[in-house]
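All remarks here apply to the structure that follows.
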Amino acid sequence: MSEQKQLLILGNGFDLNCGLKSSYKDFFDWKYKEKSQDFKLDDFFSTLKEKIENVKKTRRGEFYPYLTEKFNNLNSWDFLFLIHTFLEKNEEENLFRWCDIERIIGTTLAHLGAHSAYADMDYFPSIVEFFFVPSDINYENMLEELNEIEAQFTEFLSKQVDSSSYNEKSRKKLSKITEGSKVVDILSFNYTLSNIKNEGVGILRSFFNVHGNLESGKIIFGIDSQDIIPKSNYYIFTKTYRSLISGFNDKRTKGLQKDITKITFYGHSLSAGDYSYFESIFDFYDIYSSDVVIEFYCCLYEDRPLYLKENNSIKKENYKAIINLISHYSGSLKESHGNNLLHKLLLENRLKIVYEKSRNYADEHPDDKQDN
């Protein structure tokens, strides 16, 4: 039997599972409630409610100047994130979490004519339309304002790492996930662990933070580059463009290695915003014809009847994300292969789902009294 060589792909679920408060919701709570002492969230929501109720009396483009004058310490992305928060609080069936920052960026650009892949949000287009006048949009300025948000997120996340036992917990977690692997390469979609050593991770051959890291002080948010041509005004918001100009690859010593026998996803939402990366990885390892195993971790709450419903819901969302990813990739293959890829992976026992009971319900739902 050949030695196992593992490509480990990490998402934010890994950091959260190691006790790091790294979600966008955590960030926004810190930014708008703790850091901005002179900013009152309730005042903003009251103003927003009044404006939305009178939206028919508001001319296109008046929304943004009005908010800027009243809340001059916030930029356009702040307003858009907060508008999502407000709408999520008032909509019973919204499509996306308000804290999904990249979805918000994509949705905004979609309704400015940029990216059809994000143009499926029912309640947000009218807000964007009244927020901006297309002829007045300066995309370079919007990118600079996004840079401000990124710098604030870097400050926030650095404080979270410094004030927690994350480094110790993450080493233990990595040791468990990579147990049995002789060689490990890690692609992290997080901004942490850039100074990781070989402690408990077999032979750590390479480690790369795809979108920057805290140690360098440079991180990026962005959207997927699919369907956006390089000459468009919006291309500067794509992860591809932003990674290139940020020079993240300059210090990378190794790329993908051909000898990988298992690809493991841990803590990644498998969102469409990263499909370009996953397609490239699947192409590189020729997952249709090779023997490479694809493994997905699904983190559940502890095994108690109280959490049965929640765990079943997590499993269903996990299945859906996996099927969507494989189906999307299948569409890039020639018809004779793409139609049966998922079936082929299952038949050859090359698609694995590992259930790990590692989530803490009380930590994720502090206001829920059912566990007290």
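As the structure is a computational prediction, the values presented were derived from the model and not from experiment.
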Ring geometry between [Y] and [X] (parallel below 30°, tilted from 30 to 60°, perpendicular above 60°):
X: Phe28; Y: Phe81; answer: tilted
X: Phe44; Y: Phe79; answer: parallel
X: Tyr266; Y: Tyr297; answer: tilted
X: Phe14; Y: Tyr166; answer: perpendicular

Can you find a heavy atom in the side chain of [X] that is under 4.5 Å from one in the side chain of [Y]?
X: Glu148; Y: Asp78; value: no
X: Asn324; Y: Ser327; value: no
X: Leu143; Y: Arg242; value: yes
X: Phe296; Y: Thr264; value: no
X: Asn167; Y: Val161; value: yes
X: Leu342; Y: Ser330; value: no
X: Phe282; Y: Val292; value: no
X: Thr192; Y: Ser170; value: no

With a 4.0 Å cut-off, would you call [X] and [Y] a salt bridge?
X: Lys173; Y: Glu356; answer: yes
X: Asp15; Y: Lys21; answer: no
X: Arg350; Y: Glu295; answer: no

Query raised in the report: Does the ring centre of Phe221 sit less than 6.0 Å away from the ring centre of Phe153?
Result: yes

Exercise. Do His268 and Phe278 have ring centroids that are under 6.0 Å from one another?
Worked result: yes

What are the two closest heavy atoms between [X] and [Y], and how far apart are they?
X: Trp77; Y: Leu146; answer: CD1-N, 3.5 Å
X: Ile314; Y: Cys299; answer: CG2-O, 3.7 Å
X: Leu109; Y: Tyr139; answer: CD2-CE2, 4.2 Å
X: Gln257; Y: Gly255; answer: NE2-O, 3.0 Å
X: Ser22; Y: Leu157; answer: CB-CD1, 3.6 Å
X: Asn190; Y: Asn209; answer: O-ND2, 3.0 Å

Strictly by modelled atom types, are [X] and [Y] linked by a side-chain donor-acceptor pair under 3.5 Å?
X: Asp26; Y: Ser23; result: yes
X: Tyr24; Y: Asn12; result: no
X: Tyr355; Y: Asn311; result: no
X: Thr238; Y: Ser225; result: no
X: Thr178; Y: Gln6; result: no
X: Gln4; Y: Thr261; result: no

Rounding to 0.5 Å, atoms CD1 (Ile236) and CE (Met142) come to a distance of 9.0 Å

Separation between CD1 (Ile229) and CG (Asn233), nearest 0.5 Å, reads 10.0 Å

Using a 6.0 Å cut-off, check whether atom [atom1] of [X] has over 12 heavy atoms from anything other than its own residue.
X: Lys258; atom1: NZ; result: yes
X: Asp259; atom1: CG; result: yes
X: Glu69; atom1: CD; result: no
X: Tyr241; atom1: OH; result: no
X: Lys315; atom1: NZ; result: yes

Look at the side chain of [X] and the backbone N and O of [Y], then say whether any donor-acceptor pair between them is shorter than 3.5 Å.
X: Ser280; Y: Ser276; value: yes
X: Ser158; Y: Thr154; value: yes
X: Ser243; Y: Thr240; value: no
X: Tyr191; Y: Gly217; value: no

Report the C-alpha separation of Asp185 and Phe207 in whole Å, then their side-chain angles, then the decisive distance to 0.1 Å, and conclude whether the side chain to side chain contact (heavy atoms under 4.5 Å, CB included) test is met.
-> CA-CA 6 Å; Asp185 295 315; Phe207 181 93; over 6 Å; no

Same apolar cluster (I L V M F W Y, side chains within < 4.5 Å links), [X]/[Y]:
X: Leu16; Y: Tyr301; value: no
X: Leu244; Y: Ile228; value: no
X: Val293; Y: Leu8; value: no
X: Ile245; Y: Tyr234; value: yes
X: Phe71; Y: Trp30; value: yes

**Asked** Would Phe189 and His211 satisfy ring-ring contact (aromatic ring centres under 6.0 Å, His included), going step by step from the backbone distance to the final call?
**Response** CA-CA 6 Å; Phe189 286 78; His211 297 141; 5.6 Å; yes

Kindly indicate, with the supporting measurements, whether the criterion side chain to side chain contact (heavy atoms under 4.5 Å, CB included) is fulfilled by Leu341 and Tyr329.
CA-CA 9 Å; Leu341 176 58; Tyr329 178 67; 3.6 Å; yes

Exercise for the section: Show the numbers, then the answer: is there a salt bridge (Lys or Arg N to Asp or Glu O under 4.0 Å) between Lys239 and Asp274? Expected result: CA-CA 9 Å; Lys239 296 173 184 176; Asp274 288 321; 2.6 Å; yes

Between Tyr235 and Ile223, does the side chain to side chain contact (heavy atoms under 4.5 Å, CB included) criterion hold? Intermediate values first, please. CA-CA 9 Å; Tyr235 194 76; Ile223 59 175; over 6 Å; no

Show, in sequence, the C-alpha distance, side-chain angles and deciding distance for Ser164 and Leu20, and conclude whether the side chain to side chain contact (heavy atoms under 4.5 Å, CB included) test is met. CA-CA 7 Å; Ser164 70; Leu20 192 66; 3.9 Å; yes

Note to self: Against the six-membered ring of Tyr288, is Lys344 placed for a cation-pi contact (under 6.0 Å from the centre, within 45° of the normal)?
What the structure shows: yes

Inset, instruction - List the steps, then state whether side chain to side chain donor-acceptor pair (under 3.5 Å) holds for Tyr277 with Asp224. - result: CA-CA 9 Å; Tyr277 292 104; Asp224 193 72; over 6 Å; no

